[in-house]
S.K.: 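Starting off with a structure, shown below.
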Amino acid sequence: MTMVCGDSHTSTHGAFGSIAFGIGTSQVAQVFASQCLLLSKPKSMRITVNGTLKKDIQPKDVILYIISKLGTDSGTGYFVEYAGDVFEAMSMEGRMTVCNMSIEMGARGGMIAPDQKTFDYVQGREFAPKGADFDKKVAYWKTLPTDEGTSFDAEFKFDAADIGHMITYGTNPGMGMKVTEKIPSLKNDSFEKSLKYMGFNKGESLINKPINYVFIGSCTNSRIEDFRIAAAYINGKHKAENVHALIVPGSQQVDAQIRREGLDKVFEEAGFELRQAGCSACLAMNDDKIPQGEYCVSTSNRNFEGRQGPGARTLLASPLMAAATAVAGKIIDLNA
Amino acid sequence: MEAFKKLNSTAVPIQIENIDTDQIIPARFLKATDRKGFGDNVFRDWRYHKDGTENQEFPLNNTTYSGQILIAGNNFGCGSSREHAAWALTGYGFKVIISSFFADIFKGNALNNGLLPIQVSEAFLKVLFETIQKNPETHLLVDLENQTLSIEGSDRYETFEISAYKKQCMINGYDDIDYLVNNRDKIIAFEKKNS
C-alpha cells in the first residue's frame with residue numbers, strides 16, 4: 001500500500017510495511033487532481049540493529065541513537081528499511097515510533113517488514129479486510145519482505161547492546177546522547193549557536209539538570225503502549241513540585257482506552273494533566289505551549305528552536321525518561 | 001506558476017546550517033488557508049525579538065543586504081513538510097535559494113512553487129558567503145537554461161543539477177498537475193491494465 005499525506009510524519013505507517021511518506025500541499029492537490037504523484041525513485045538504505053536491547057531501553061531510544069550516529073541529513077534521498085533482531089522483537093507501537101522519526105534523519109520514509117505481529121495487529125480493526133479477504137491479503141503481505149541477498153544503496157549496522165537511555169541536548173534531533181554521556185565539544189558555529197540557545201555548555205552532563213515541563217504525547221509517542229509505560233513508572237509516585245506534566249493522547253481512541261484502563265486515575269493522582277488528544281505541545285499550535293527559556297523533556301520528534309513555543313528549549317526522550325523526569329523534577333540516570 | 005529563465009540579483013546571506021522549516025515559518029502561522037501573506041512572517045522568530053522589535057543582527061534586517069537570492073548553510077529546509085516554508089520565502093520575494101545541501105521535501109516544494117534551489121559545493125558556498133559579506137553589492141547571475149551560477153565581475157562560477165523535467169516546468173511556468181492531466185489517457189490505460 002502507498003500512503004501519502006501533507007505531514008512529514010506520515011512515515012509512521014511504514015511500521016506496517018507500507019510505503020508511506022509526507023508530501024507538500026501542492027502535491028496533495030496533485031493526488032486529488034490525478035490520483036498520481038510524480039516522483040523520482042528514492043535510493044534504498046537498510047539500517048540493521050541486531051542483538052538484545054538492555055532492560056527498559058525504549059524504541060524511542062533506538063531511533064534517537066540511530067539519528068545521533070547518522071545525522072539529520074544522512075537519509076536525504078533515501079527510503080529506509082529497519083531490519084534485524086531489535087525491530088523483529090519490537091511491538092507495532094514501537095515500530096511506529098521508529099518509522100515516525102525516519103524524516104528526522106532526512107529520509108522520506110522508513111519501513112519494517114510485515115510479520116505475524118503486523119497481521120495480528122491489523123486483524124479485527126475497523127477498516128481491516130474481513131474473513132477470506134483478510135487471509136488473501138495476509139498471503140500477499142507475506143511476499144513483501146526483502147529478498148535475501150538484496151543489495152541496498154547504503155547499509156548501516158548497529159549493536160543493540162550499545163544503546164542506552166537517550167536524550168537530546170541541542171536544536172536538531174541528531175544532537176542526542178546517552179543520558180550518562182557528556183555534551184561533545186565540537187568547534188563549529190552551528191553547534192555553538194545551538195548550545196547557546198539551549199543554555200548548555202560543551203562537556204556538560206545533563207544529569208540533575210532541573211526541568212519544569214514534561215510532555216508525553218505527539219505522533220511519535222502517544223499510543224496506548226507509551227502511556228502504559230509512563231503509568232507503570234508513575235504509579236504510586238507523584239510529580240515533582242516544580243514540574244508541569246502534560247499527557248496528551250494521539251487520538252480520541254487512545255484517550256478512551258486510557259480511561260478504560262484506568263490510567264487517567266494514575267496520571268491524575270500523580271499530578272499529571274491529561275489534555276485533549278492531538279498534536280498539542282509538540283509544535284505549539286494550540287494553547288499547550290512551553291514558555292520562553294523553559295526546558296521541556298518531550299517525547300515528540302523535533303527539538304528545533306521555538307518548536308514548542310517561542311524561546312522554548314526541547315529535550316527529546318522516551319516516555320519512560322519523560323515520566324522519570326517529571327517525578328524527579330530533574331534529569332536522572334534511570335540505571336543509577 | 002511564474003516562468004523562470006535567468007536572474008541577476010544581489011543576495012542575502014544567512015550563514016547557519018540545518019535551517020529547518022519551523023524557523024522559516026513557525027507553526028503558529030500555518031492556520032491561513034491562502035498561500036499569500038506568509039512572506040510577512042518568514043524567519044519570524046529570528047527577525048524579531050520577543051518584544052516585537054527587529055533583531056538588527058539578522059541578515060534580513062540588515063539593510064546592507066538585499067536581493068532575490070538567499071544563501072544559506074548546509075541542509076537547508078529540513079524538518080516539517082510544510083509547503084508554507086516555500087510560500088513564505090517566495091512571498092518575501094526570494095526566487096533562488098543557494099545552499100550546499102537541501103532537504104528532500106523542501107526541495108520538491110520549492111520547485112513546485114517556482115523557487116529555484118541551487119545546490120553548490122561546500123567550497124563554492126564558502127566563496128559566496130565571503131564575497132557577499134565583503135561586498136554586499138555583488139550581483140550573482142543565475143542561468144537556468146545553462147544551469148550555471150556565477151559571480152558577476154569575476155570568473156568564479158559553478159554548474160548545478162536540476163532534473164530535466166523540473167527544469168522544463170520552471171522555464172515554461174507549468175506545474176505537475178498540468179503535466180499529469182495531459183497524460184490522463186496513459187494513466188487510465190495503466191490503471192486498467194493493472195486492476
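Below, chain A is the first sequence line, B the second, and so on; all start at residue 1.
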S.K.: Of all the heavy-atom pairs spanning A:D73 and B:F101, show the shortest one and how long it is.
M.R.: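 For A:D73 and B:F101, the tightest heavy-atom pair comes out as CB-CE2, 3.8 Å.
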S.K.: Taking side chain as everything from C-beta outward and backbone as N, CA, C, O, which of these in B:E17 sits under 4.5 Å from a heavy atom of chain A? Side chain, backbone, both or neither.
M.R.: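 For B:E17, heavy atoms of backbone and side chain both lie under 4.5 Å from chain A.
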S.K.: Could you look at B:R35 and say if it's the side chain, the backbone, both or neither that has a heavy atom under 4.5 Å from chain A?
M.R.: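 B:R35 touches chain A through side-chain heavy atoms alone.
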S.K.: Please indicate whether A:K202 has more than 12 foreign heavy atoms, meaning atoms of other residues, nucleotides or ligands, lying under 6.0 Å from its NZ.
M.R.: yes
S.K.: Counting heavy-atom pairs closer than 4.5 Å to chain A, which one of B:A85, B:S80, B:A86, B:G108 comes out on top?
M.R.: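 Most heavy-atom pairs within the cutoff with chain A belong to B:S80.
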S.K.: Only pairs of heavy atoms separated by less than 4.5 Å count here; which of A:A107, A:G306, A:A33, A:G77 has the most with chain B?
M.R.: A:G77
S.K.: Under a 4.5 Å heavy-atom cut-off, does chain A meet the side chain of B:K107, its backbone, both or neither?
M.R.: neither
S.K.: For chain B, which candidate among A:D7, A:I103, A:T76 shows the most heavy-atom pairs at distances under 4.5 Å?
M.R.: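 Option with the greatest count: A:T76.
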S.K.: With a 4.5 Å heavy-atom cut-off, do B:R82 and A:L283 have their side chains touching?
M.R.: yes
S.K.: If we only count heavy atoms from C-beta on, is the A:R302 to B:D20 side-chain gap below 4.5 Å?
M.R.: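 The answer is no, as the side chains (C-beta and beyond) never meet within the 4.5 Å cut-off.
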S.K.: Are A:S190 and B:Q15 side-chain neighbours, meaning at least one heavy-atom pair lies under 4.5 Å?
M.R.: no
S.K.: Please say whether more than 12 non-hydrogen atoms of neighbouring residues, nucleotides or ligands are located less than 6.0 Å from CZ in A:F134.
M.R.: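 Atom CZ in A:F134 is crowded, with more than 12 foreign heavy atoms closer than 6.0 Å.
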S.K.: Pick whichever of B:I187, B:D45, B:I16 has the most heavy-atom pairs under 4.5 Å with chain A.
M.R.: B:I16
S.K.: Does any backbone or side-chain atom of B:Y165 lie under 4.5 Å from a heavy atom of chain A? Answer side chain, backbone, both or neither.
M.R.: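 It is the side chain, since no backbone atom gets that close.
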S.K.: Suppose a student defines contact as a heavy atom less than 4.5 Å from any heavy atom of chain B. Which residues in residues 213-222 of chain A would they list?
M.R.: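 Hits under 4.5 Å: none found.
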S.K.: Please collect all salt bridge (charged side-chain N to carboxylate O under 4.0 Å, His left out) contacts where either partner lies in residues 21-41 of chain A, sequence neighbours excluded, each pair once.
M.R.: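 The answer is none; no pair qualifies.
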S.K.: Of all the heavy-atom pairs spanning B:N112 and A:S26, show the shortest one and how long it is.
M.R.: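 Heavy-atom minimum between the residues: CB-CB, 4.3 Å.
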S.K.: Looking at A:G311, is its backbone amide N or carbonyl O close enough to the side chain of B:K50 to form a donor-acceptor pair, meaning the two atoms are under 3.5 Å apart?
M.R.: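 Judged by distance alone, no pair lies under 3.5 Å.
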S.K.: In the structure I gave you, are the side-chain heavy atoms of B:R184 and A:S34 within less than 4.5 Å of one another anywhere?
M.R.: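 Result no, sub-4.5 Å side-chain heavy-atom pair not found.
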S.K.: Answer whether the closest heavy-atom distance between the side chains of A:I23 and B:E83 falls below 4.5 Å.
M.R.: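 Counting from C-beta outward, A:I23 and B:E83 never come under 4.5 Å.
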S.K.: Relative to chain A, which segment of B:Y179 carries a heavy atom at a distance below 4.5 Å: side chain, backbone, both, or neither?
M.R.: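 When you check distances to chain A, only side chain atoms of B:Y179 fall under 4.5 Å.
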S.K.: Inspect the surroundings of CD in A:Q276 and state if more than 12 heavy atoms from other residues, nucleotides or ligands are less than 6.0 Å away.
M.R.: no
S.K.: When rounded to the nearest 0.5 angstrom, what is the spacing between CZ in A:R108 and CG in B:D104?
M.R.: 5.5 Å
S.K.: What part of A:D189 lies closer than 4.5 angstrom to a heavy atom of chain B: side chain, backbone, both or neither?
M.R.: neither
S.K.: Within a strict 4.5 Å, meaning less than it, do heavy atoms of the A:E305 and B:W46 side chains meet?
M.R.: yes
S.K.: Report the distance from atom CD1 of B:I19 to atom CG of A:N172, rounding to the nearest 0.5 Å.
M.R.: 12.5 Å
S.K.: Pick one of side chain, backbone, both or neither for A:Q292, based on which atoms fall under 4.5 Å of a heavy atom in chain B.
M.R.: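 Side chain only.
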S.K.: Could you point out which residue of B:I177, B:D176, B:N183 forms a side chain to side chain contact (heavy atoms under 4.5 Å, CB included) with A:L38?
M.R.: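 Single pass found, and it is B:D176.
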S.K.: Among the options B:N18, B:D175, B:I105, pick out the one with the most heavy-atom pairs lying under 4.5 Å from chain A.
M.R.: B:I105
S.K.: May I ask you to name which of A:P173, A:G106, A:C36 has the most heavy-atom pairs under 4.5 Å with chain B?
M.R.: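 Max contact count across the listed options: A:C36.
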S.K.: Would you say the side chain of A:T25 lies within less than 4.5 Å of the side chain of B:W87, judging by non-hydrogen atoms?
M.R.: yes
S.K.: Mind ranking A:V28, A:L39, A:T72, A:N188 by heavy-atom pairs under 4.5 Å with chain B and telling me who comes out on top?
M.R.: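 Looking at each of A:V28, A:L39, A:T72, A:N188 in turn, A:T72 comes out on top.
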S.K.: Take atom CD in B:Q56; do more than 12 heavy atoms of anything else shown fall under 6.0 Å from it?
M.R.: yes
S.K.: Within a radius of less than 6.0 Å around NZ of B:K167, do more than 12 heavy atoms belonging to other residues, nucleotides or ligands occur?
M.R.: yes
